[in-house]
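Note that the numbering runs from 1 along the sequence shown for the chain. Excluded from the calculations below are hydrogen atoms, water molecules and symmetry mates; all remaining heavy atoms, backbone and side chain alike, are included.
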Amino acid sequence: MAERRIGLIMNGVTGRMGMNQHLIRSIAAIRADGGVRLANGDTLMPDPVIVGRNRAKLEALARAHGISRVSTDLDACLADPKDEIFFDAATTQMRAGLLRKAIAAGKHVYCEKPTADTLADALDVARLAKEKGIKNGVVQDKLFLPGLRKLKMVIDSGFLGRICSVKGEFGYWVFEGDLQPAQRPSWNYKKAEGGGIILDMLCHWRYVLDNLFGNVEAVSCLGAVHIPERIGEDGKPYKADADDAAYATFQLEGGIVAHINSSWVTRVRRDDLVTFQVDGTHGSAICGLHKCWTQSRVATPKPVWNPDQPQTIDFFAGWQEVPTTQDYPNGFRVQWEEFLKHVAGERPDYPWNLLAGAKGVQLAEAGLKSWAERRWIDLPRLEV
């Protein structure tokens, strides 16, 4: 048994998602637990350098989480041969350019989604990585959530029979900034800064739908700017011109119909911040982030429409929770471990790559086009 070092350049980890999910709960947690165990018994130990513009902030973050290296010079980091992987969780608008620089420097690349703000750029980066023989990955964290993993098990078991439809509800109320401070950064609501829930969430829904139910073949999407003015971090009002809600219907292969509402302008009265209900000929399932419930054909109640009497059926009582039979580590960490194994040569069939990321951008771009043109948009097959 031996410990193998693997050097990481981590860009954009002073932001909320990059810091909490990627640095603290993934890389720092992996290091604290002794690294990633490989099949041959060796341990892969990530050694990150965290990169950004504010050295004081970087140094404080590094001290808090046992990181020894920080830098404000990304070009110098990319030129250093002892670091093999470039990771980016900074702004979407800069991502394609940064990935191109990293690939040109011979680094393997791993990044948040969207991989670019246009499909042309997303495909270009994916082609470039393929041409250069660069190993690449894109964060597709929701596939590793306990609730969705349980749902995948239900689907794979055949319990549902032939799947007819999928209904998704995502979102919560993001405060405008006057009554209470907003819990999301203001750039999310500014079109010029890459904001908008369609670009953000349809990238997620693409990999969820593709991997659990069937490839997305077409989309009809209606976006909305329900709240046109919000209060920024500086306490001043700003024009919120990026979509804060999206109502999308998807045609999947095999005749499955999916509909997902995504909204930062909704109040939650459901089991979780996101839920997916899947209805099939033999049964149904519904999951949230952590839990999943099923109802079989024989356990399905038989309601009769009668608006003149209060409903007598407890519709919640007829569902059975799928038990938790294993530990489910943080989903971001799980995918980081899989990507590190991929770079180490242990997982050649890594599916969550830049082409998969480009498919997410394709769906978001098609959703925006559908909204603008008020029509269905077909999604051609992507290849690089």
Side-chain angles (χ1 to χ4, degrees), residues 10 12-13 17-18 20-23 25-27 30 36 85-90 92 95-96 99 108-117 119 122-123 125-126 129-130 134-153 155-156 166 168 170 197-216 219 248 250 252 258 260 262 273-274 276 287-290 328-343 347-367 379 382 384:
M10 301 189 73
V13 295
M17 182 68 72
N20 292 328
Q21 296 294 359
H22 292 289
L23 181 63
R25 296 170 192 164
S26 295
I27 297 304
I30 290 170
V36 177
I85 297 172
F86 171 73
F87 169 73
D88 182 58
T92 300
R95 183 158 299 136
L99 292 176
H108 304 299
V109 295
Y110 184 57
C111 67
E112 264 292 350
K113 37 68 42 201
T115 56
D117 53 6
L119 177 58
L123 284 174
V125 171
K130 183 178 181 180
I134 296 298
K135 293 180 179 178
N136 54 92
V138 177
V139 177
Q140 302 197 337
D141 55 288
K142 288 178 175 52
L143 293 177
F144 302 93
L145 289 168
L148 270 75
R149 290 177 65 183
K150 292 174 183 178
L151 176 61
K152 182 68 162 59
M153 181 180 67
I155 294 169
D156 291 345
V166 181
F170 165 82
I197 202 166
I198 293 176
L199 180 59
D200 186 357
M201 296 312 302
L202 263 63
C203 292
H204 282 295
W205 306 150
R206 180 67 190 265
Y207 68 72
V208 169
L209 293 171
D210 280 2
N211 283 275
L212 267 67
F213 311 110
N215 291 328
V216 181
V219 60
F250 310 91
L252 313 184
I260 303 178
S262 308
L273 298 184
V274 63
F276 294 96
C287 77
L289 297 173
H290 294 274
Y328 293 101
N330 177 278
F332 290 86
R333 173 176 175 167
V334 171
Q335 194 179 353
W336 259 110
E337 291 178 346
E338 292 300 314
F339 184 70
L340 292 172
K341 291 176 184 178
H342 175 55
V343 172
R347 174 153 195 177
D349 61 336
Y350 192 82
W352 310 292
N353 53 24
L354 284 170
L355 177 58
K359 291 178 180 178
V361 179
Q362 179 193 36
L363 183 59
E365 199 169 88
L379 275 67
L382 295 184
V384 295

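- Note that CG of Leu145 is 11.0 Å distant from NZ of Lys150, once rounded to the nearest 0.5 Å.
- Rounded to the nearest 0.5 angstrom, Leu23 CG and Met10 CE are separated by 5.5 Å.
- The nearest pair of heavy atoms linking Leu354 to Cys111 is CD2-SG, 4.3 Å.
- Tested against Tyr110 for a ring-ring contact (aromatic ring centres under 6.0 Å, His included), the candidates Trp352, Phe332, Phe339 yield a single pass: Phe339.
- Rounding to the nearest 0.5 Å places CD of Glu365 at 9.0 Å from CG of Asp117.
- Side-chain contact check for Asn20 versus Arg25: some heavy-atom pair is nearer than 4.5 Å.
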Test side-chain contact (heavy atoms from CB on, under 4.5 Å) on Leu143 and Leu212; report intermediate values, then the result. CA-CA 9 Å; Leu143 293 177; Leu212 267 67; 3.7 Å; yes
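- Put simply, the side chain of Arg95 reaches to within 4.5 Å of the side chain of Thr92, judged on heavy atoms.
- Here the side chains of Asn136 and Leu355 are not in contact, with every heavy-atom distance at 4.5 Å or above.
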Please walk me through it: do Thr115 and Val125 pass side-chain contact (heavy atoms from CB on, under 4.5 Å)? CA-CA 8 Å; Thr115 56; Val125 171; over 6 Å; no
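- Counting all heavy atoms, side chain and backbone alike, Ala356 lies closest to Pro351 at CB-O, 3.8 Å.
- Without hydrogens or angle criteria, His342 side chain to Arg347 main chain gives a donor-acceptor distance under 3.5 Å.
- Two residues are said to be in side-chain contact when any heavy atoms from C-beta on lie closer than 4.5 Å; Phe250 and Leu379 fail this criterion.
- Under the 6.0 Å cut-off for aromatic ring centres, Phe144 and Trp336 do not qualify, their centroids lying 6.0 Å or more apart.
- Side-chain contact between Tyr328 and Val334 is absent, with no heavy atoms from C-beta onward closer than 4.5 Å.
- A salt bridge links Arg333 and Glu337; the closest N-O separation between the charged side-chain nitrogens and carboxylate oxygens is under 4.0 Å.
- Note: Cys287 SG to Lys152 NZ = 13.0 Å, rounded to the nearest 0.5 Å.
- Side-chain contact between Gln21 and Val139: absent, with no pair of heavy atoms (C-beta onward) separated by less than 4.5 Å.
- Aromatic ring orientation, His22 versus Phe87: tilted (interplanar angle from 30° to 60°).
- Scanning all heavy atoms of the two residues, the minimum distance from Leu252 to Ala258 falls at CD1-CB, 4.3 Å.
- Atoms CG and CD1, on Leu340 and Ile27 in that order, are 5.5 Å from each other to the nearest 0.5 Å.
- Put simply, the side chain of Gln140 reaches to within 4.5 Å of the side chain of Asn211, judged on heavy atoms.
- Checking side-chain atoms of Lys113 against main-chain N and O of Asp200 turns up a donor-acceptor pair under 3.5 Å.
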Could you walk me through whether Asp141 and Gln335 pass the side-chain hydrogen bond (donor to acceptor under 3.5 Å, both in side chains) test, one step at a time? CA-CA 7 Å; Asp141 55 288; Gln335 194 179 353; over 6 Å; no
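- In this structure, Ala116 and Val361 approach most closely via the heavy-atom pair O-CG2, 3.7 Å.
- In terms of modelled atom types and a separation under 3.5 Å, the side chain of Asp210 and the main chain of Val216 share a donor-acceptor contact.
- Here the closest non-hydrogen pair linking Ala358 and Leu123 is CB-CD2, 4.0 Å.
- Side chain of Lys142 to main chain of Val208: no donor-acceptor pair is present (N/O by atom type, distance under 3.5 Å, no hydrogens or angles).
- The heavy-atom pair separating Ala364 from Leu202 by the smallest distance is CA-CB, 4.0 Å.
- Annotation: side chain of Tyr207 is not in contact with side chain of Lys359 (no heavy-atom distance under 4.5 Å).
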For the pair Met201 and Phe170, evaluate side-chain contact (heavy atoms from CB on, under 4.5 Å) and give the outcome as yes or no after the intermediate values. CA-CA 9 Å; Met201 296 312 302; Phe170 165 82; 3.8 Å; yes
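- The CG atom of Leu99 sits 11.0 Å away from atom CD1 of Ile134, with the distance rounded to the nearest 0.5 Å.
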